[in-house]
S.K.: 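Sending over a structure as structure tokens; questions will come in a sec.
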Amino acid sequence: MKIVFFGTPSLAVPFLETLVDNPGIQVVAAVTQPDKPVGRRHELAPSPLKRSAQMRGIPVFEFASLKKDPSAVETLKALGADAFVVVAYGKLIPADILNIPRLGCVNVHPSLLPKYRGPSPMQWAIANGDPDTGVTIMQLDEGMDTGPILAFETIGLDDTETLTSLTKKVMATGPALLTSTLKRFAAGEITPIKQDESKATITNLLDREDGRIDWKKGVAGIERMVRAYEGWPGTWTEWNGKRLKVLSVQPTDLKADFPPGTVQVKDGRLMVEGGDGTLEILTIQPEGKAAMPASAFLAGYSEINGATLA
RNA sequence: CGCGGGGUAGAGCAGCCAGGCAGCUCGCCAGGCUCAUAACCUGGAGGUCGCGGGUUCAAAUCCCGCCCCCGCAA
């Protein structure tokens, strides 16, 4: 079976590599987002998927826009693939491309669809405190994650789950599920099942402001948010006009005695009122500084005691 | 040339603008006090002030170059 792989971030890489390593599958090309300016110097950097594909000698195509680039359809047709596989490509794929391969486009989505359609399903599952989520293999149609389902696998979430740990779980279970589903689907062994629209929920792309901590939100909700938004957009607050990244926290059994966001230093520990209780900050990163444990932070910034964070 | 903060004792910071004894909190070591402590008291060790050059009677501090860490942005 010949496939073309569409993907961009590091999440997509193990999926590509598993397909490449499968003797029954031939990855004839990879399609990814063009190099983007990145880092402090705004240097152009290739996507993680592009690096991986190039190392494995797979031809890489980068289209600025699948919709507006008229050569995209012809180029992709010429590859003669049986299916396109899409894992976090980053752009919607237009209908005239979806219809090119005989088996259509097979997509991997890290949630149990129709729950959490859109770009941030793992973050939402953690932030909402769901007991489990999963990986869904589906056919793409013109909507955003609305196509019929081919297969899914449930992934359990524990109460210390972070975006990193969940991503690892998805990368551990997803590629095998994709490969087996692809083969069974090609053999005609799977009947796609339409999604139940009444149960659909949509996640938005997170931006920096989503990471600002609302100290009225409640201790449990804030703690889950810290785990869910790890890396991007991160969780942060402001003190004296400076940004403080809050990297890890721990709920306490102390009641809320002061307004939300009020800092109290107790026994050398950094406590913040969280609306319905008190949260301890364990790891923190002041703007312009490296991450540090709260004890180290307090050694140099003791005047934060009694301040209000926003 | 995207914008900005930083590098000072093991950790976190102040000192720099306005040059003049190397400081603070914590940790560490020794001793003391206490029924007791993440408590208190006394003493102590620990420093190429990121690196190289320049100015000066004198540089952590001013000037030039370089290295490294980080926030924003993307």
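Any value given below was found using the heavy atoms of this structure, including those in side chains, with hydrogens, waters and symmetry copies removed. A quick note: this is a predicted structure, and the numbers were derived from the prediction, not measured. The sequence lines fix the lettering, A, B, ..., with proteins before strands; numbering per chain opens at 1.
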S.K.: Taking atom C1' in both G47(B) and G32(B), what distance in whole Å separates the two?
M.R.: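 Roughly 29 Å separates the two C1' atoms.
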
S.K.: What's the gap between G10(B) and G46(B) when it is taken at their P atoms, as a whole Å value?
M.R.: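 One P to the other, the span is 11 Å.
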
S.K.: Using atom C1' of each nucleotide, how far apart are U56(B) and C63(B) to the nearest Å?
M.R.: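 So the two C1' atoms sit 12 Å from each other.
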
S.K.: Both His42(A) and Tyr301(A) contact RNA chain B. Taking the nearest nucleotide for each, which residue is further toward the 5' end?
M.R.: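 Final value for this comparison: Tyr301(A).
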
S.K.: Listed by chain and number, what are the salt bridge (Lys or Arg N to Asp or Glu O under 4.0 Å) partners of Glu74(A), not counting sequence neighbours?
M.R.: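 Not a single residue meets the salt bridge (Lys or Arg N to Asp or Glu O under 4.0 Å) criterion with Glu74(A).
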
S.K.: So what's A30(B) paired with, Watson-Crick or G-U wobble, going by both distances under 3.5 Å?
M.R.: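 Its partner is U42(B).
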
S.K.: Both distances below 3.5 Å, Watson-Crick or wobble geometry, any strand: find the nucleotide opposite C72(B).
M.R.: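 Base-paired to G2(B).
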
S.K.: What parts of residues 206-214 of chain A reach RNA chain B, counting only heavy atoms under 4.0 Å away?
M.R.: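 Listed by number, they are Arg208(A).
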
S.K.: Nearest nucleotide by nearest heavy atom, which residue falls closer to the 5' end of RNA chain B, Ala290(A) or Val38(A)?
M.R.: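 Nearest nucleotide further toward 5': that of Ala290(A).
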
S.K.: Any pair with a residue in residues 121-132 of chain A that passes salt bridge (charged side-chain N to carboxylate O under 4.0 Å, His left out), sequence neighbours left out, goes on the list, sorted by first then second residue, please.
M.R.: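 Those involving residues 121-132 of chain A are Lys115(A)-Asp130(A).
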
S.K.: Please step through salt bridge (Lys or Arg N to Asp or Glu O under 4.0 Å) for the pair Asp82(A) and Lys2(A), ending with a clear verdict.
M.R.: CA-CA 5 Å; Asp82(A) 298 295; Lys2(A) 286 165 74 170; over 6 Å; no

S.K.: With C1' as the reference atom in both, quote the distance from G50(B) to C41(B) in angstrom, rounded to an integer.
M.R.: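 Comparing C1' positions in G50(B) and C41(B) gives a spacing of 38 Å.
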
S.K.: Using a heavy-atom cut-off of under 4.0 Å over every strand shown, decide if Lys289(A) touches base, sugar-phosphate, or nothing.
M.R.: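 Contact class for Lys289(A): sugar-phosphate only.
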
S.K.: Between A39(B) and U25(B), how far apart are the two P atoms, rounded to whole Å?
M.R.: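 Going atom to atom, P in each nucleotide, I get 15 Å.
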
S.K.: For Ala296(A), answer base if it contacts any base atom (sugar-phosphate contacts may also be present), sugar-phosphate if it contacts only those atoms, and nothing otherwise; contact means non-hydrogen atoms under 4.0 Å.
M.R.: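 Sugar-phosphate, no base atom in range.
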
S.K.: What contact category does Lys242(A) fall into here, base, sugar-phosphate, or nothing, at under 4.0 angstrom with non-hydrogen atoms?
M.R.: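 No contact.
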
S.K.: Give every residue pair that meets the side chain to side chain donor-acceptor pair (under 3.5 Å) criterion with at least one member in residues 282-302 of chain A, sequence neighbours excluded.
M.R.: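 Matches after skipping sequence neighbours: Ser248(A)-Thr283(A).
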
S.K.: Checking Asp276(A) side chain against Val219(A) main chain: does a donor-acceptor pair fall under 3.5 Å?
M.R.: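 Such a contact is found between Asp276(A) side chain and Val219(A) backbone.
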
S.K.: Does U25(B) have a Watson-Crick or wobble mate here (both distances under 3.5 Å), and if so which one?
M.R.: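 Pair assignment: U25(B) / A11(B).
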
S.K.: Who are the salt bridge (Lys or Arg N to Asp or Glu O under 4.0 Å) partners of Glu209(A), not counting sequence neighbours?
M.R.: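 With neighbours one apart ignored, the set is Arg212(A).
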
S.K.: For residues 251-271 of chain A, which residue pairs pass the salt bridge (charged side-chain N to carboxylate O under 4.0 Å, His left out) check, not counting sequence neighbours?
M.R.: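 Every pair satisfying salt bridge (charged side-chain N to carboxylate O under 4.0 Å, His left out) with a residue in residues 251-271 of chain A: Arg269(A)-Glu280(A).
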
S.K.: Determine the Euclidean distance between corresponding C1' atoms of U61(B) and G71(B); express it in Å to zero decimal places.
M.R.: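 Straight-line distance between the two C1' atoms is 25 Å.
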
S.K.: Start with the C-alpha distance between Asp158(A) and Lys169(A), add both sets of side-chain angles, then the distance that settles salt bridge (Lys or Arg N to Asp or Glu O under 4.0 Å), and finish with yes or no.
M.R.: CA-CA 12 Å; Asp158(A) 54 56; Lys169(A) 287 179 177 177; 3.8 Å; yes

S.K.: The criterion is side chain to side chain donor-acceptor pair (under 3.5 Å); which residues satisfy it with Gln139(A), sequence neighbours excluded?
M.R.: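 Not a single residue meets the side chain to side chain donor-acceptor pair (under 3.5 Å) criterion with Gln139(A).
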
S.K.: If you measure from the C1' atom in U48(B) to the same atom in G44(B), how many Å do you get, rounded?
M.R.: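 Nearest-Å result for U48(B) against G44(B) at atom C1': 23 Å.
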
S.K.: Nucleotide range of RNA chain B contacted by chain A, 5' to 3', under 4.0 Å to a heavy atom?
M.R.: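 Both ends considered, the range comes out as G2(B) to A74(B).
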
S.K.: Can you tell me how far C1' in G19(B) sits from the matching atom in C68(B), rounded to whole Å?
M.R.: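 It comes out at 27 Å once rounded to the nearest Å.
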
S.K.: Write out all pairs satisfying salt bridge (charged side-chain N to carboxylate O under 4.0 Å, His left out) with one or both partners inside residues 38-58 of chain A, taking only residues at least two apart or from two chains.
M.R.: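 Passing the test, one end in residues 38-58 of chain A: Glu17(A)-Arg56(A), Asp21(A)-Arg56(A), Asp35(A)-Lys50(A), Lys50(A)-Glu62(A).
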
